[in-house]
Amino acid sequence: MKQKRITEEAIQAFRQYLIRDEKSAVTVEKYLRDIRAFQAFIGETPVEKELVIHYKNHLLEESYAVRSINSMLASVNSFLIFMEVKSLKVQRQVYCAEEKELTKAEYERLLKAAGKNEQLRLVMETICSTGIRVSELKYFTAEAARRGEVIVRCKAKTRTILLPGKLRRLLLDYAGKQKIRSGVIFLTGRGKPLDRKAIWAQMKGLCKAAGVKPGKVFPHNLRKLFARTFYGIEKDIAKLADILGHSSIETTRIYLM
């Protein structure tokens, strides 16, 4: 590990990284609290591996529970990895986001490139029409499509997503073709809910045909495209934060940079 001092600038950059990663406000504060405790312990001393070991021994001597020590060290290690590997990357994401954001035209080319892969096309339309996380596709059931609303439970919160008329019709039509009368609509060939890895891989396979850079093609960028489009029309960041299920409006602001 290169010798580096822990600065307030680095801590705040890490905070923004955690927010972009959609960590809850409680989790973000916990990480920062642990990092500041470590910072207070080492002072102005450059960070080295030996210091982390010394800090661990210090916590043991202070009679912290082993579980608490492991949790605190996990926060510190995440921060140190961020400092070493991701600091430059994070800054580029903040100031050069346009180069990595998916445009509406590119999204439409991806839909066209999906061709006969009706499931993949509908997955992309679902994410981009509602702003859901890809992990929330499991809440899109035949019952929810008939009802016209989806109840999403994520991170100890519950929110209701109203389905646009066109999307609802597409979902019901697809479920009918697949003979899905109840339960999750998007399934693998083995009947399991479609997961993030499978969707990511299939989307990457569209890049060449769609003429879109691979670095722009992943499910989360569809969610961000929804956010930018919604805000462009409504200009209501609080409402957008509710729809996206963000605990902090600060997270939503990052989406709109």
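For clarity, every value in this text was computed on a predicted model and none was experimentally measured. FYI, side chains are in, hydrogens and waters are out, and symmetry mates aren't considered; it's all heavy atoms of this structure.
- Between Phe79 and Ala10 the shortest heavy-atom distance is CE1-O, 3.7 Å.
- Salt-bridge check for Lys177 with Glu118: passed, with a basic side-chain N closer than 4.0 Å to an acidic carboxylate O.
- Taking the side chain as every heavy atom from C-beta outward, Thr160 and Val150 never approach each other to under 4.5 Å.
- Not a single donor-acceptor pair under 3.5 Å links the side chain of Lys138 to the backbone N or O of Ser135.
- Proximity of a side-chain donor or acceptor of Arg109 to a complementary backbone N or O of Gly211 within less than 3.5 Å is detected.
- When side chains are defined from C-beta on, Phe226 does not count as touching Ser129, because their heavy atoms never get closer than 4.5 Å.
- Closest of all the heavy-atom pairs between Arg223 and Leu244 is NH2-O, 3.0 Å.
- Distance check, rounded to the nearest 0.5 Å: OH of Tyr31 to CZ of Phe14 gives 6.0 Å.
- The CD1 atom of Ile243 sits 10.0 Å away from atom OG1 of Thr130, with the distance rounded to the nearest 0.5 Å.
- Remark: side-chain polar atoms of Arg121 are not paired, donor with acceptor, to backbone N or O of Ala114 under 3.5 angstrom.
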- request: Mind running side-chain contact (heavy atoms from CB on, under 4.5 Å) on Ile151 and Arg147 for me, showing each step along the way?
  value: CA-CA 10 Å; Ile151 308 298; Arg147 218 170 35 239; 4.3 Å; yes

task: Applying side-chain contact (heavy atoms from CB on, under 4.5 Å), run through Lys56 and Ile69 and close with a yes or a no.
output: CA-CA 7 Å; Lys56 178 181 178 181; Ile69 293 174; 4.2 Å; yes

field: Chi angles and distances behind the side-chain contact (heavy atoms from CB on, under 4.5 Å) call for Asp195, Val134
entry: CA-CA 8 Å; Asp195 62 22; Val134 66; over 6 Å; no

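- The one candidate from Ile199, Val217, Leu111 that meets the side chain to side chain contact (heavy atoms under 4.5 Å, CB included) condition with Met124 is Leu111.
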Name every donor-acceptor pair, under 3.5 Å, that has one atom in a side chain of residues 185-192 and the other anywhere in the protein, sequence neighbours excluded.
from	atom 1	to	atom 2	distance (Å)
Thr188	OG1	Arg190	N	3.2
Thr188	OG1	Lys192	N	3.2
Thr188	OG1	Lys192	O	3.3

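- Counting only heavy atoms from C-beta outward, the side chains of Glu125 and Tyr107 approach each other to under 4.5 Å.
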field: Full working for side-chain contact (heavy atoms from CB on, under 4.5 Å) between Asp236 and Leu240
entry: CA-CA 6 Å; Asp236 188 337; Leu240 176 58; over 6 Å; no

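- The 12-atom threshold is not exceeded at NE2 of His54, counting heavy atoms of other residues, nucleotides or ligands nearer than 6.0 Å.
- Cluster membership check: Leu137 does not share its hydrophobic cluster with Leu162, using side-chain heavy-atom separations under 4.5 Å among Ile, Leu, Val, Met, Phe, Trp and Tyr.
- Taking hydrophobic clusters as Ile, Leu, Val, Met, Phe, Trp and Tyr residues chained together by side-chain heavy-atom distances below 4.5 Å, Leu172 does not share a cluster with Leu122.
- Interatomic distance, CG of Leu51 versus CD1 of Ile6, reported as 9.0 Å (0.5 Å rounding).
- Glu106 and Glu101 make their closest contact through OE1-O, 3.9 Å (heavy atoms, listed as atom of the first residue, atom of the second, distance).
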task: Run the numbers on Ser71 and Lys30 for side-chain hydrogen bond (donor to acceptor under 3.5 Å, both in side chains), then give the verdict.
output: CA-CA 10 Å; Ser71 177; Lys30 193 269 181 193; 2.4 Å; yes

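- By the 4.5 Å heavy-atom criterion applied to side chains, Arg153 and Lys157 are not counted as neighbours.
- Going from atom CG of Leu110 over to atom CG of Leu102 covers 6.0 Å, rounded to the nearest 0.5 Å.
- Linking ILVMFWY residues whenever their side-chain heavy atoms come closer than 4.5 Å, directly or via other members, places Ile11 and Leu80 in the same cluster.
- Distance check, rounded to the nearest 0.5 Å: OH of Tyr139 to CZ of Arg133 gives 10.0 Å.
- Hydrophobic clustering (ILVMFWY, side-chain heavy atoms < 4.5 Å, transitive): Met72 and Phe41 are in one cluster.
- Around the OH atom of Tyr64, the shell of radius 6.0 Å holds no more than 12 heavy atoms that belong to other residues, nucleotides or ligands.
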task: Could you please spell out the steps behind the ring pair (Phe, Tyr, Trp, His ring centres under 6.0 Å) verdict for Tyr17 and Phe82?
output: CA-CA 9 Å; Tyr17 166 73; Phe82 168 82; 5.3 Å; yes

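- We find the OG-CG distance between Ser75 and Leu32 to be 9.0 Å, quoted to the nearest 0.5 Å.
- Cluster annotation: Ile42 and Ile35 are assigned to the same hydrophobic cluster (Ile/Leu/Val/Met/Phe/Trp/Tyr, side-chain heavy-atom contacts under 4.5 Å, transitive).
- For the pair Asn221/Leu225, no side-chain contact is recorded, criterion being any heavy-atom separation below 4.5 Å from C-beta on.
- By the 4.5 Å heavy-atom criterion applied to side chains, Gln16 and Leu18 are not counted as neighbours.
- The pair Glu136-Arg159 meets the salt-bridge criterion, with a side-chain N (NZ, NE, NH1 or NH2) lying under 4.0 Å from an Asp/Glu carboxylate O.
- Taking each heavy atom of Leu167 and Leu163 in turn, the nearest pair found is CD2-CD2, 4.2 Å.
- Here the shortest heavy-atom pairing between Cys207 and Pro214 reads SG-CA, 3.6 Å.
- A side-chain donor from one of Glu8 and Gln12 sits under 3.5 Å from a side-chain acceptor of the other.
- Defined by atom type and a distance below 3.5 Å, a donor-acceptor pair is present between the side-chain atoms of Thr27 and Ser24.
- In terms of heavy atoms, Thr252 sits closest to Ala241 at OG1-CB, 3.3 Å.
- Environment of NZ in Lys104: sparse, with no more than 12 heavy atoms of neighbouring residues, nucleotides or ligands closer than 6.0 Å.
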